[in-house]
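Throughout, a chain's letter reflects where its sequence line sits, starting with A, and its residues are numbered from 1.
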Protein chains: 2
Amino acid sequence: MLKSSTPPPMPAEPTQARRFSKARAAQSYALLEDYVELIDDLLTATGEARATDIARRLGVSHATVVKTIGRLKREGLATSLPYRGVFLTPAGETLANKSRARHRLVVAVLTAIGVPPEAAEQDAEGLEHHISPATLRAFAAFLKKQP
Amino acid sequence: MLKSSTPPPMPAEPTQARRFSKARAAQSYALLEDYVELIDDLLTATGEARATDIARRLGVSHATVVKTIGRLKREGLATSLPYRGVFLTPAGETLANKSRARHRLVVAVLTAIGVPPEAAEQDAEGLEHHISPATLRAFAAFLKKQP
DNA sequence: CAAAAAGTGTAGCCAAGGCTACATATTGGA
DNA sequence: TCCAATATGTAGCCTTGGCTACACTTTTTG
């Protein structure tokens with residue numbers, strides 16, 4: 001054994017590992033959430049969601065968008081026909097609505113706490129994907145009694 | 001032009017693209033922050049930080065850890081000698097301290113808002129990497145006047 | 001002090017999410 | 001109507017952050 005002169009450092013701590021894994025997993029879904037939310041926006045606003053529009057909005061190449069749309073389809077969140085834009089499946093719409101609601105709630109809480117609006121919007125973009133249901137409930141409760 | 005029957009949907013919106021890029025960039029640094037913080041913990045607690053310990057703590061294979069340590073070294077945050085563990089450069093220590101302080105602040109704010117402790121810890125793990133300086137200041141101010 | 005155990009390193013694989021470059025569809029307009 | 005502009009698709013490349021498998025050091029221990 002390599003130099004275990006020091007006592008058993010910390011008790012194996014599966015806790016940190018679990019938290020870390022969850023955070024990683026959340027991250028892997030974050031992009032999909034951003035996409036369905038944006039696609040839903042575009043569908044509502046203009047009746048269609050084209051790869052190029054999405055690319056422009058996200059500041060990413062259209063090739064990247066096409067590839068990600070492929071992933072959305074594999075995950076059952078979207079459908080598309082060649083040269084005919086993207087549409088959301090019911091699962092995709094549900095996710096879009098949930099994401100948007102959560103985004104708004106996060107921004108509202110940050111603002112209520114005193115975060116400047118622009119910073120609140122910016123940070124929410126990254127934060128929102130890591131908010132658990134429990135935290136979401138706490139946020140809602142906080143807003144209710146903090147008008 | 002493909003069916004732009006509808007009027008210019010939304011005004012090109014570089015804003016969203018910018019936010020999205022920032023969130024992506026923050027994410028790419030998140031892992032490094034987690035590593036330096038953990039390495040600092042291990043060094044403080046036991047005097048050394050070995051790849052296997054880190055792997056156990058993060059629930060990841062040692063090979064993954066070794067590779068990431070390589071990245072830490074490339075970024076000037078850590079040093080290491082073959083078979084002799086990892087150490088932080090001054091830059092690495094600074095980052096570790098900043099990360100830890102931020103983590104604690106995030107947990108404190110979440111708790112103050114009414115998020116259950118375990119959820120606060122879990123969510124902070126993912127959130128903390130997306131908190132801007134402005135938001136951090138707002139958090140500190142909020143805690144001060146909300147005892 | 002030699003063998004077993006444990007840590008470390010390296011190679012090669014994978015998927016995700018970027019990119020550029022090039023090929024193919026579609027459509028608006030001259 | 002046909003052609004140029006724009007969208008879309010596809011291929012190939014890169015980096016990250018995972019993994020397993022195998023080789024090699026270093027400690028422990030019998």
[N] phosphate, OP1 or OP2, under 4.0 Å from [X] side-chain N/O:
| X | N | answer |
| --- | --- | --- |
| Ser61(B) | dC19(D) | yes |
| Arg24(A) | dG17(D) | no |
| Arg84(A) | dT27(C) | yes |
| Thr64(B) | dG17(D) | no |
| Thr52(B) | dT8(C) | yes |

Given atom [atom1] of [X] and atom [atom2] of [N], what is their separation to the nearest angstrom?
| X | N | atom1 | atom2 | value |
| --- | --- | --- | --- | --- |
| Glu48(A) | dT27(C) | CD | C1' | 12 Å |
| Ile54(B) | dG18(D) | CD1 | P | 13 Å |
| Arg71(A) | dG17(C) | CZ | C1' | 9 Å |
| Gln27(B) | dG18(D) | CD | P | 10 Å |
| Arg56(A) | dT8(D) | CZ | C1' | 13 Å |
| Lys67(B) | dT16(D) | NZ | P | 10 Å |
| Leu32(B) | dT16(D) | CG | P | 9 Å |
| Ile69(B) | dT16(D) | CD1 | C1' | 16 Å |

Residues [X] and [Y]: side-chain donor-acceptor under 3.5 angstrom:
| X | Y | result |
| --- | --- | --- |
| Thr79(B) | Lys73(B) | no |
| Glu121(B) | His103(B) | yes |
| Arg19(A) | Gln122(B) | no |
| His130(B) | Gln27(B) | yes |

When you measure from the side chain of Val66(A), which nucleotide among dT10(D), dA7(D), dG18(C) comes out closest?
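Looking only at side-chain atoms, Val66(A) lies closest to dT10(D).
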
Starting the side chain at C-beta, find the nucleotide from dA7(D), dG18(D), dG18(C) nearest to Leu31(B).
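Side chain of Leu31(B) sits closest to dG18(D).
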
With a 4.0 Å cut-off on heavy atoms, is Thr68(B) in touch with a base, just the backbone sugar-phosphate, or nothing at all?
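Nothing, no heavy atom under 4.0 Å.
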
Residue closer to the 5' end of DNA chain D, Gly85(A) versus Gly59(B) (nearest nucleotide):
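Mapping each residue to its closest nucleotide by heavy atoms, the 5'-most match is Gly85(A).
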
Map His62(A) and Ala63(B) onto DNA chain C by nearest heavy atom, then report which one ends up closer to the 5' terminus.
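The residue mapped nearer the 5' terminus is Ala63(B).
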
Mapping Pro82(A) and Arg74(A) onto DNA chain C by nearest heavy atom, which one lands closer to the 5' end?
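Result of the comparison: Arg74(A).
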
Hey, does the side-chain of Tyr83(A) have a donor or acceptor N/O within less than 3.5 Å of a partner on the base of dT24(C)?
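Indeed there is one.
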
Would you give the length of the straight line joining atom OH of Tyr35(B) to atom CG of Leu77(B), rounded to the nearest 0.5 angstrom?
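Output value for this atom pair is 13.0 Å.
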
